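Down below is the structure, laid out as structure tokens.
For clarity, every value in this text was computed on a predicted model and none was experimentally measured. FYI, the numbering just counts along the sequence from 1.
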Amino acid sequence: MKYKICVSGAAKTGHCEEGALEKAKQVGKEIAKQDAVLFTGATTGVPYWAAIGAKEEGGMSIGISPANSEREHVEEYEMPTDNFDLIMYTGFGYSARNLLLMRAAHAVIFICGRTGTLNEFTICYEDGRLGGVLEGTGGTSAMIKEILERSNKEGPEVIYDSDP
């Protein structure tokens, strides 16, 4: 059995810390080196750079799209199709896509992020999935430790590290 590791992060990355995209690419490479399968939301930014890294390392990259078809994925959502071995078109929009994506993965790595990444994190955490936060990338992933401290709820361990 191959492990399925999801990379969750910002599709638009202007707010991410310098080097966040290169770190995402390194994470994608590492996932491939470990003979695991990369899962992402089939989008731009952090997930896309992780897919580039996985493909450069000869790994498998699978995207789960909120769109109903490849046409909608490209034209309406303005998302890429290259660097993915397979894209599953759900037609469910972002919220339901996020649920499917989190439940498809054995573990999730959060890099930078915006509200969608935070939504994916809460799904992962509530479902008891192992999550990791790549520190030093900014965005909502930089807030996760504080959110968990303030939420006063026990859940699965979250791993924090700055090394891809």
Side-chain angles (χ1 to χ4, degrees), residues 2-121 123-124 129 131-142 144 161-164:
K2 288 187 180 232
Y3 286 105
K4 298 178 294 284
I5 309 298
C6 177
V7 169
S8 172
K12 294 186 180 178
T13 59
H15 67 290
C16 296
E17 291 188 22
E18 187 175 328
L21 295 178
E22 190 58 40
K23 287 181 178 182
K25 185 176 178 181
Q26 291 302 316
V27 168
K29 286 184 176 198
E30 191 59 39
I31 289 169
K33 285 179 187 176
Q34 299 303 317
D35 198 32
V37 177
L38 172 68
F39 270 62
T40 73
T43 191
T44 59
V46 167
Y48 184 70
W49 279 77
I52 291 170
K55 294 312 299 170
E56 283 183 3
E57 200 60 43
M60 180 175 272
S61 172
I62 297 175
I64 300 181
S65 172
N68 189 38
S69 65
E70 182 175 352
R71 183 202 57 75
E72 185 178 47
H73 179 83
V74 172
E75 293 177 12
E76 294 182 33
Y77 283 90
E78 299 178 346
M79 294 180 172
T81 57
D82 60 323
N83 292 300
F84 297 101
D85 294 294
L86 174 71
I87 298 177
M88 184 175 108
Y89 301 104
T90 65
F92 292 153
Y94 288 111
S95 296
R97 184 276 314 261
N98 293 351
L99 179 63
L100 290 172
L101 182 60
M102 292 301 101
R103 291 199 171 158
H106 290 103
V108 185
I109 300 169
F110 298 91
I111 303 172
C112 189
R114 299 186 311 155
T115 57
T117 304
L118 189 57
N119 174 247
E120 290 171 349
F121 175 79
I123 293 167
C124 175
R129 294 240 179 335
V133 175
L134 187 59
E135 295 182 306
T137 59
T140 55
S141 66
I144 288 174
D161 202 320
S162 60
D163 184 356

For [X] versus [Y], what's the shortest heavy-atom pair and its separation?
X    : Y    : result
A54  : L38  : CB-CD2, 3.9 Å
D85  : G59  : OD2-O, 3.7 Å
T140 : T115 : CG2-N, 4.3 Å
V27  : P164 : CG2-CB, 3.7 Å
A36  : I5   : CB-CG1, 3.9 Å
G41  : M79  : O-SD, 4.3 Å

Problem set entry | Stepwise side-chain contact (heavy atoms from CB on, under 4.5 Å) check, W49 with L21 | CA-CA 6 Å; W49 279 77; L21 295 178; 3.8 Å; yes
Measure the [atom1]-[atom2] distance between [X] and [Y] for me, rounded to the nearest 0.5 Å.
X    : Y    : atom1 : atom2 : value
I109 : S8   : CD1   : OG    : 10.5 Å
Q26  : L134 : CD    : CG    : 10.5 Å
D82  : I52  : CG    : CD1   : 7.0 Å
E135 : F110 : CD    : CZ    : 14.0 Å
F92  : L99  : CZ    : CG    : 10.0 Å
C6   : I31  : SG    : CD1   : 8.5 Å

Could you tell me whether a side-chain N or O of [X] sits under 3.5 Å from a main-chain N or O of [Y], the two making a donor and an acceptor?
X    : Y    : value
S141 : C112 : yes
R129 : R103 : yes
S61  : N83  : yes
H73  : P80  : yes
S69  : E72  : yes
K29  : K33  : no

Does the side-chain contact (heavy atoms from CB on, under 4.5 Å) test come out yes or no for T81 and E70, once each step is laid out? CA-CA 8 Å; T81 57; E70 182 175 352; 4.0 Å; yes
Is D163 paired with K23 through a side-chain N to carboxylate O contact shorter than 4.0 Å? no
Take the angle between the ring planes of Y48 and F84 and call it parallel below 30°, perpendicular above 60°, tilted in between. tilted
Starting from the C-alpha separation in whole Å, work towards a yes-or-no answer on side-chain contact (heavy atoms from CB on, under 4.5 Å) for E30 and E57.
-> CA-CA 8 Å; E30 191 59 39; E57 200 60 43; over 6 Å; no
Minimum side-chain heavy-atom gap [X]-[Y] below 4.5 Å:
X    : Y    : result
F121 : N119 : no
M60  : K55  : no
E120 : V108 : no

Handout entry: Proximity of F39 and Y3 rings by center, below 6.0 Å
Key = no
